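Down below is the structure, laid out as structure tokens.
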2 protein chains.
Amino acid sequence: MTPLAYALLGLIRDEPRSGYGLRKVFETTPMGNYSSSPGSIYPALKNLEKAGLVESRATGKKSVLAITTTGETAFATWLAQPVTSEEDPNIALLRFAFLQNNRPQSLDFLMSYARCAHAKVIALRNFLDSEPGQALPLQARLAVYHGLKTTEAAAEWAADAYRQLNEDITP
Amino acid sequence: MTPLAYALLGLIRDEPRSGYGLRKVFETTPMGNYSSSPGSIYPALKNLEKAGLVESRATGKKSVLAITTTGETAFATWLAQPVTSEEDPNIALLRFAFLQNNRPQSLDFLMSYARCAHAKVIALRNFLDSEPGQALPLQARLAVYHGLKTTEAAAEWAADAYRQLNEDITP
DNA sequence: CCAACCATGTAAGCTGTTACATGATTGA
DNA sequence: TCAATCATGTAACAGCTTACATGGTTGG
């Protein structure tokens, strides 16, 4: 299961869609970061179908893909994964985007996300303070600093999001 | 030429290195984001050699790879590319990290980088304000917001870096 | 009627990942 | 001497990108 496969599965879980409909989502929303062109989407959909996670349904004339029970289970398992430092943060974020109405899991996610972001910030600071880091030319140091700043912003985002989700509970 | 190939070429330009030496750089610095394991590095190095961008030199017992004149030219051309919105920002940043001692080109880079970051911020804000954006579940909105926050941080970084490089000129 | 969009795919080629394989050297 | 590190690769496999191919429908 690739990230693209999970993105497709999640979109289909939200509502049954055709291959073309899925492509439109990627073209017209920021989810476009996760994919692209027919050459990747259609084969991925076939894999999902082969694995029994989605099935083709004829609604009137059009054939759309709907998630199966097996698919729901597999998707829920994926959603429950905690964030780790090894994982691409963008893929973790993709999971978060699909965590609708699941406040406890969302809060767990944000916790582990913030932890990983923090760990990365510390690692980058340590690198900049180390001798190889000090010996770097200015531009290279600034490039590392870029990572530091954006990761700090990500950590702050996680803290903000945590607050927002908590406030949501007591209106 | 893949990003990995450019990363390798840049490291070899800075100083001649062996395949193993290159791997160590990826393992011990934040440049590790750009690669990984022998299975990708050694084939990539062979391609660089085949293309005449690097050549193998025997220094004492060890054989190290050095950049050729053709390689220098190709690398300089790559470095001069402006940042575009289509490009993966991480790859743009990789270019920046190699722009040592080239203040004018660095400033140009930061300008185009900031422009792209700004454009992305505006696009994300527009999306969040649009009807499909409004209809999103909270978690999905927050995920987009993550992109917004980190991109804003990236834009600020570019402005800061611009100032630092300018100050550097008049001590 | 023609352009644009709906809609689904296939094929070639390249890259990268994972895992395996091999052997030399060095420090405790 | 034994583990770690130096050092260089190969092979199987899967995935994505680009480009191509095909045909239906709809609005101006």
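None of these values were measured; they are calculated from a predicted model. Order of the sequence lines sets the chain letters (A, B, ...), proteins ahead of strands, with each chain counted from 1.
Not counting sequence neighbours, the partners of A:N47 by the side chain to side chain contact (heavy atoms under 4.5 Å, CB included) test are A:K50. Residues satisfying the side chain to side chain contact (heavy atoms under 4.5 Å, CB included) test with B:T28, not counting sequence neighbours, are none. Every salt bridge (Lys or Arg N to Asp or Glu O under 4.0 Å) that B:D160 has, sequence neighbours left out, goes to B:R163. Listed by chain and residue number, B:F98, B:Q100 satisfy the side chain to side chain contact (heavy atoms under 4.5 Å, CB included) test with B:D14 (two or more places apart in sequence, or in another chain). A search for side chain to side chain contact (heavy atoms under 4.5 Å, CB included) contacts involving A:A66 returns A:P16, A:R57, not counting sequence neighbours.
Contact check of residues 37-45 of chain B against DNA chain D (heavy atom, cut-off under 4.0 Å) returns B:P38, B:G39, B:Y42. Residues from residues 1-13 of chain A lying near DNA chain D, meaning a heavy-atom separation below 4.0 Å, are A:T2, A:L4 in numerical order. Residues from residues 15-27 of chain B that place a heavy atom under 4.0 Å from any atom of DNA chain D, listed by number: B:S18, B:G19, B:Y20, B:R23, B:K24.
Residue pairs meeting the salt bridge (charged side-chain N to carboxylate O under 4.0 Å, His left out) criterion with at least one member in residues 26-36 of chain A, sequence neighbours excluded: A:K24-A:E27. For residues 111-137 of chain A, the salt bridge (charged side-chain N to carboxylate O under 4.0 Å, His left out) pairs, not counting sequence neighbours, are A:R125-A:E152. Sorted by first and then second residue, the ring pair (Phe, Tyr, Trp, His ring centres under 6.0 Å) pairs involving residues 115-141 of chain A (not counting sequence neighbours) form an empty list. Sorted by first then second residue, the ring pair (Phe, Tyr, Trp, His ring centres under 6.0 Å) pairs that include residues 25-49 of chain B, not counting sequence neighbours, number zero.
For the pair A:T29 (side chain) and A:M31 (backbone), a donor-acceptor distance under 3.5 Å is present.
In this structure, the CG atom of B:N47 is 16 Å from the P atom of C:dG13, given to the nearest Å. A:E87 has its CD atom 16 Å from the P atom of C:dT17, to the nearest Å. Per the geometry, OH belonging to B:Y34 stands 14 Å off P belonging to C:dT17, to the nearest Å. Between the CD atom of B:E86 and the P atom of D:dT18 there is a distance of 12 Å, rounded to whole Å. If you measure from atom CD1 of A:I91 to atom C1' of D:dG15, you get 13 Å, rounded to the nearest angstrom.
A sub-4.0 Å separation between OP1 or OP2 of D:dG15 and a side-chain N or O of A:K46 is absent.
Ring-centre distance between B:W157 and B:F96: below the 6.0 Å cut-off.
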